[in-house]
Amino acid sequence: MSTQPSTQPSTPNSQAIANPLLDFSGLAHFDTIRPEHVKPAIDTLLTQARAVVSALEAPMAEVTWENFVEPLENASEELGRAWGIVGHLNAVVDTPELRAAYNEAEPKLVEFWTAVGQNLALFDKYRALKAGPHYASLSAERKKVIENALRDFRLGGAELPEEQKQRFAEIQEEHAALTTRFSENVLDATNDYALFIENEAELAGLPDDAKQAARAAAVAAGKTGFKFTLHFPSFFPLLQYADNRALRARVYRANVTKASLLGDDFSKRIEWDNTANIDNILRLRREEALLLGFDNYAQLSLVPKMAQSPQQVIAFLEDLGHRARPFAENDLAELRAFAAQHLGLDQLEAWDLPYASEKLREQRYAFSEQEVKQYFPEPKVVGGLFHLAQQLFDVRITPDTAPAWHPDVRFYKIEKAVPDAPGGTQLIAQFYLDLYARPGKQGGAWMDSARSRRLVAAGVQTPIAYLTCNFTAPATVDGVVQPAQLTHDEVITLFHEFGHGLHHMLTRVGEVGVSGIAGVEWDAVELPSQFMENFCWEWDVLQHMTAHAETGAALPRALFDKMIAAKNFQSGMQMLRQVEMSLFDMRLHENDEARGGSSDVQQVLDQVRAEFSVMQPPAFNRYQNAFGHIFAGGYAAGYYSYKWAEVLSADAYSAFEENAGNVVSIETGRKFRDEILAVGGSRSALESFKAFRGREPSIDALLRHSGMAA
């Protein structure tokens, strides 16, 4: 007799009303969620999910999508959504109470997902479903979900002997705790650092807006003078503009030694040192790979990706490195000559690079980043981004309302025109926009899923995204709040994350496992984000997103032309930097102690730098101790994805460049939406690319965009 648990998502009950994390009827209740809600909510959802799994383990006369996959996905999605809210809050409004609740609940989640991934009864039912009579009639989306599930069961240890399953589960729990601790150490070291400057003369060269932000930070800390932190918008202007070389050296060292024994505060170096965490993370990953029959973690990591082997990735990166090196060597030679002749810097050091580069840029192209920044007030940039998306993808983006976790957070909705719908529009998606750096918020920029698109009995569950950046917050001058001004690099960052958001939100896939970015190969997931970056260099786009901070005038064409001339300034050095980080990541995870490889992380990094870096960093540099992408994010043995996907994104963008000077092509935009964004993970990224471009990808556009074409 078959068992058929309910296929409908649960509805709010009295417990859900008491605990906002258990209410899935609408938007998350960020205004009422508290740390004390985490444990009871997660415990309740885990109990419900275990009950569903237990019921599905029972023998079934016939396994179908409706009686097996659907109820499992219902339980998994609610648990995932609740935990996603907790994880998001932990990243953007970290508090001791929330961190404690997160760390208490995380092992339970890891234990549950590991047990599901190893569940032979569930694995057998997926196999039966694929071999059964109904498989052929399933949609391509559902077939892809089943294929991915079968792969993930194998990678989850479902076929391991029982004694090895137990060790596999222990590895997952320990690994999760270590990666969380890695992130916490970086955040704590970042938040703890404070550099106070009393004498404004020491800040010669620093732009007024950077000084205003530092003065406001000092006031907020109850101090006089200026306060600088290790949040990027605070410290980087010192490296880029401060004439005081000793000050640049001081803040450079603080940044590249955070979360290490060489950190600024001796009393907290050991507590926040990530050296042992890195060693243990790598040890666990290697052990996991060996348990599953792989030679190393890099092989395991690549199974669900486009790339076929670590050797293929390494060859790709080394080829890029060799192509870029002559350009990088020329970049550095020019910089050294300029610094010696014009800045009195006979020996160029790592803390001089941003400063000297900015001075050289100003001399060569007759403009500075600070000058450009005056034309990019954040409201105008956001409006221009929305205007572009609306043109390209035939949607409408307008403000919406929702409870949020901080007063700075904004909420928007995306709609499409549907003449027969009420009001003439139909809701497609919604998103939160959290732009500014602040204490308790992890650094960097990212997009994450708050809810995925899914077809349910009531209709369409629309997707919701989190878009998070760390820009300088608006300053208050003489009692008046001034709009935040973005550097052009920050504009590019915003477009990048919005590209990820579009991938998540403009999907038309109705199965949650392959909806939006879900199920997309990790080395292709950067395609839409890097694609969107290209529009930041288009005159037709920038005209709609610039207004001078004082005059309101649009970006002058003459200044834009200078920006274009400088676009590939030091692109060789930048390319080598990406190759360095990607090769370090891949070689580190390809390393196999059983074959005599060294597990010394610094040695691996030094070797990569010796081969591909044109300027060696100082010996005290411990960049890896804060390299969250590979030690606390999803990019382990996958950091190469940025360059791999950039081949795809540059080639995809070249289709817009072929439109006789009209890059904002509505026709090409619709095709990109239909063949790339809309299909999500329901088919391979290569199939989607070929459907859009009509051929295999080529590296030519990437080299041309980087100024390295023959």
Over 60° means perpendicular and under 30° means parallel, so tell me whether Phe627 and Phe584 are parallel, tilted or perpendicular. parallel
Phe569 ring centre to Arg364 NZ or CZ under 6.0 Å, with the angle to the axis within 45°? no
Carefully, step by step, assess Lys643 and Glu646 under the rule salt bridge (charged side-chain N to carboxylate O under 4.0 Å, His left out). CA-CA 5 Å; Lys643 301 314 294 181; Glu646 197 173 354; 2.6 Å; yes
Taking side chain to side chain donor-acceptor pair (under 3.5 Å) as the definition, give me every residue that meets it alongside Ser309, ordered by chain and number, with sequence neighbours left out. none
Do Asp352 and Tyr355 have side-chain heavy atoms sitting under 4.5 Å apart? no
Aromatic centroids of His488 and Trp537 separated by under 6.0 Å: yes
Mark yes or no for whether Asp94, through its side chain, and Lys441, through its backbone, hold a donor-acceptor pair below 3.5 Å. no
With sequence neighbours excluded, residues passing side chain to side chain donor-acceptor pair (under 3.5 Å) with Asn185: Arg181, Asn274
Side-chain contact test, heavy atoms from C-beta onward, threshold under 4.5 Å: evaluate it for Met615 versus Leu335 and give yes or no. no
Among Glu334, Glu329, Arg336, find the residue that satisfies the side chain to side chain contact (heavy atoms under 4.5 Å, CB included) test when tested with Leu332. Arg336
Can a donor-acceptor pair be found, under 3.5 Å and without considering hydrogens, that links the side chain of Asn280 to the backbone of Ala276? yes
Is it true that atom CD of Gln164 has more than 12 heavy atoms of other residues, nucleotides or ligands lying nearer than 6.0 Å? yes
Check whether any side-chain heavy atom of Pro617 sits under 4.5 Å from a side-chain heavy atom of Tyr252, and report yes or no. yes
Does NZ or CZ of Arg285 fall inside the cone over Tyr297's six-membered ring, less than 6.0 Å from its centre and within 45° of the axis? yes
Answer whether the closest heavy-atom distance between the side chains of Glu526 and His500 falls below 4.5 Å. yes
Gap separating the OH atom of Tyr639 from the NE2 atom of His629, nearest 0.5 angstrom: 5.0 Å
Quick one: is the NZ or CZ of Arg609 closer than 6.0 Å to the six-membered ring centre of Tyr623, and within 45° of its axis? no
Audit row: Asp319, Arg323, side chain to side chain contact (heavy atoms under 4.5 Å, CB included) steps and yes/no: CA-CA 6 Å; Asp319 177 56; Arg323 290 174 186 259; 2.9 Å; yes
